[in-house]
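Right, one structure below, let's go through it.
The structure displayed is predicted, hence computed values, not measured ones. Order of listing sets the numbers, starting from 1, for every ligand and every atom in it.
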Amino acid sequence: MTAQQTDPWLLTPGPLTTDARVREAMLRDWGSWDSDFRAMTAEMRARLLDVAHADPAEWASVPMQGSGSYCVEAMLGSFLPPDGKALVLANGAYGQRAAKTLAVMGRAHVVIDKGDYLPPRGEEVSAALAADPAITHVVAIHCETSSGILNPLEEIAEATAAAGRKLLIDSMSAFGALPLDARSLPFEAMVSSANKCIEGVPGFGFVIARKDALEAAAGNAHSLSLDVHDQWAYMEKTGQWRFTPPTHSVAAFLKALELHAAEGGQPGRLARYSRNRDVLVEGMRAAGFETLLDDRWLSPIIVTFFTPADPAFDFARFYEGMKARGFIIYPGKLTVVPSFRMGCIGALNESVMRAAVAAATETLTEMGVRSAAPPASALEERRRHNAA
Ligand SMILES: *Cc1c(COP(=O)(O)O)cnc(C)c1O
């Protein structure tokens, strides 16, 4: 983290605030076919396997151009065969997007939708798989970034494996900060992107998959450019990406991976993000704000707060007030109750989070908001769901 920060802090779930050294790594050009860049691609692929504790004899990482959603689509289209059927575990916008992606591809799927507040549980997965033998794959969201809920990946993976089905994971906003260990977690493939918890810049994502699953994925994809098998096979053969690679983003990502390792890898990053979350939640609650989620489902990635009921509160003004004080926050993405989000990820530490809370308090005062408490109906809705 740099001492000098002139740009606003991005309290957003990616793109996020990056370390100056990550941005500086982009200050030259690389030829995509040149051996220097091929070595960078190879090093990045190896380091990604390390982060997942994935044995290179059994696993491979495959970078894919595009934003995270392109890579989710690539994973779904490549690993779910055209005659397969997916069970999508949804509890927010990203679960719903996975289902929509399958609908657009015309792949058979069913959805368990838990709304905005609650995680899909292992026993629900077991019941759904027992009831429908046609289901071949389960699609799970590791951290549902729309609410900030941390889903119980281990029990979902166990239920899926116990039923003899395959697990595909969207670990976009979790990988690198939350544990995902290929030695103990049974899964087929997972996907994440450069601009989330590894703290790189946008431009590409990556799939980490079992090699046998990659072999078996030949011919499955609905799309040429989003074919993970084809990208993998070409990269193994030539060391190159199939089409123009985001060279500068890859250079930045390598630096970001280096900083990630220097911080103590995933456990080190989790410790900093958890501290960010604790300072943020404690400060915002002291200011009168309420979180959407119960403490046990709050992730160290992003926190959703209910919008205050006070008629003097206006989100657009609150956003501008925060921005004027150097903080970019994130609008809510809930289906029912008005909310906003503040991220804990990126090159931020607890002193930044403390300053963000102070900025929120000042902005409320400036707006003439007396209480940050949400409407009683929001709290009632939260109580009803958590009791269910
Ligand atoms: C960020 C994110 C994505 C991908 O979003 P893009 O805007 O396409 O990068 C997918 N799933 C989850 C859970 C995410 O947090």
Side-chain angles (χ1 to χ4, degrees), residues 10-18 63-79 86 88-105 111 113-116 119-120 138-153 156 167-178 180 187 189-208 223 225-226 228 246 249 252-253 256 269 273 277 292-293 297-304 328-335 339 341-346:
L10 301 181
L11 304 181
T12 55
L16 35 67
T17 294
T18 53
M64 299 290 294
Q65 296 95 327
S67 87
S69 302
Y70 290 63
C71 302
V72 172
E73 181 168 336
M75 175 178 76
L76 296 176
S78 300
F79 292 96
V88 179
L89 308 178
N91 54 344
Y94 291 102
Q96 286 174 4
R97 188 180 297 172
K100 188 171 178 192
T101 304
L102 290 166
V104 171
M105 288 191 296
V111 182
D113 190 346
K114 300 294 303 268
D116 290 328
V138 173
V139 179
I141 314 294
H142 194 172
C143 173
E144 175 47 78
T145 324
S146 52
S147 60
I149 199 164
L150 181 55
N151 286 322
L153 195 57
I156 291 167
L167 181 63
L168 303 176
I169 305 167
D170 171 353
S171 186
M172 202 67 64
S173 62
F175 185 72
L178 291 160
L180 193 155
F187 69 98
M190 58 76 58
V191 62
S192 185
S193 87
N195 61 276
K196 301 236 169 159
C197 297
I198 308 284
E199 302 183 358
V201 305
F204 68 101
F206 49 89
V207 172
I208 295 178
S223 152
S225 52
L226 298 178
V228 180
S249 302
F253 192 64
R269 191 134 299 181
Y273 290 174
R277 187 248 346 253
L292 167 79
L293 299 173
W297 300 118
L298 280 180
S299 71
I301 305 299
I302 189 166
V303 181
T304 298
I328 302 291
I329 62 170
Y330 215 49
K333 210 175 197 174
L334 298 181
T335 40
S339 62
R341 292 177 288 171
M342 292 170 83
C344 314
I345 65 179

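Contacts of A194 classified as side-chain contact (heavy atoms from CB on, under 4.5 Å), with partners at least two apart in sequence or in another chain: F204, F253.
The two residues C197 and Y273 come nearest to each other via the heavy atoms O-OH, 3.4 Å. Considering all non-hydrogen atoms of both residues, G92 and S146 come closest at CA-OG, 3.4 Å.
The structure places CZ of F187 at 8.5 Å from CG of L153, a figure rounded to the nearest 0.5 Å.
Pairs engaging residues 193-207 under the salt bridge (charged side-chain N to carboxylate O under 4.0 Å, His left out) rule: E199-R269, E199-R272 [sequence neighbours left out].
Around atom 6 (P) of ligand 1, the closest heavy atom drawn from A93, G92, S67 belongs to S67.
Closest to atom 5 (O) of ligand 1 among all protein heavy atoms lies S69 OG, 3.6 Å. D170 OD2, 2.7 Å is the protein heavy atom nearest to atom 11 (N) of ligand 1. Looking only at protein heavy atoms, the nearest one to atom 2 (C) of ligand 1 is K196 NZ, 2.5 Å. Among all protein heavy atoms, the one lying closest to atom 9 (O) of ligand 1 is G68 N, 3.0 Å. The protein heavy-atom contact nearest to atom 15 (O) of ligand 1 is T145 OG1, 2.4 Å.
Residue S193 does not touch ligand 1, judged by heavy-atom distances below 4.0 Å. Contacts with ligand 1 closer than 4.0 Å are made by side-chain heavy atoms of R97 only, the backbone lying farther away.
Taking every heavy atom of S173 and a limit of under 4.0 angstrom, the matching atoms of ligand 1 come to 15 (O). In summary, the atoms of ligand 1 found under 4.0 Å from a heavy atom of C143, numbered by their order in the structure, are 13 (C).
Within the 4.0 Å heavy-atom shell around ligand 1 one does not find A98.
Side-chain N or O atoms of S173 include one that pairs as donor or acceptor with a backbone N or O of C143 at under 3.5 Å. Using a distance-only test at 3.5 Å, with no hydrogens or angles considered, a donor-acceptor pair links the side chain of T304 to the main chain of S147. Within the 3.5 Å criterion, the main-chain N or O of G332 finds no donor-acceptor partner in the side chain of R341. Side-chain atoms of S249 come within 3.5 Å of backbone atoms of P202 as a donor-acceptor pair (strictly under, hydrogens ignored).
Below 3.5 Å of separation, one finds no N or O of M172 facing any N or O of ligand 1. Here's the thing with Y70: none of its N/O atoms is less than 3.5 angstrom from an N/O atom of ligand 1.
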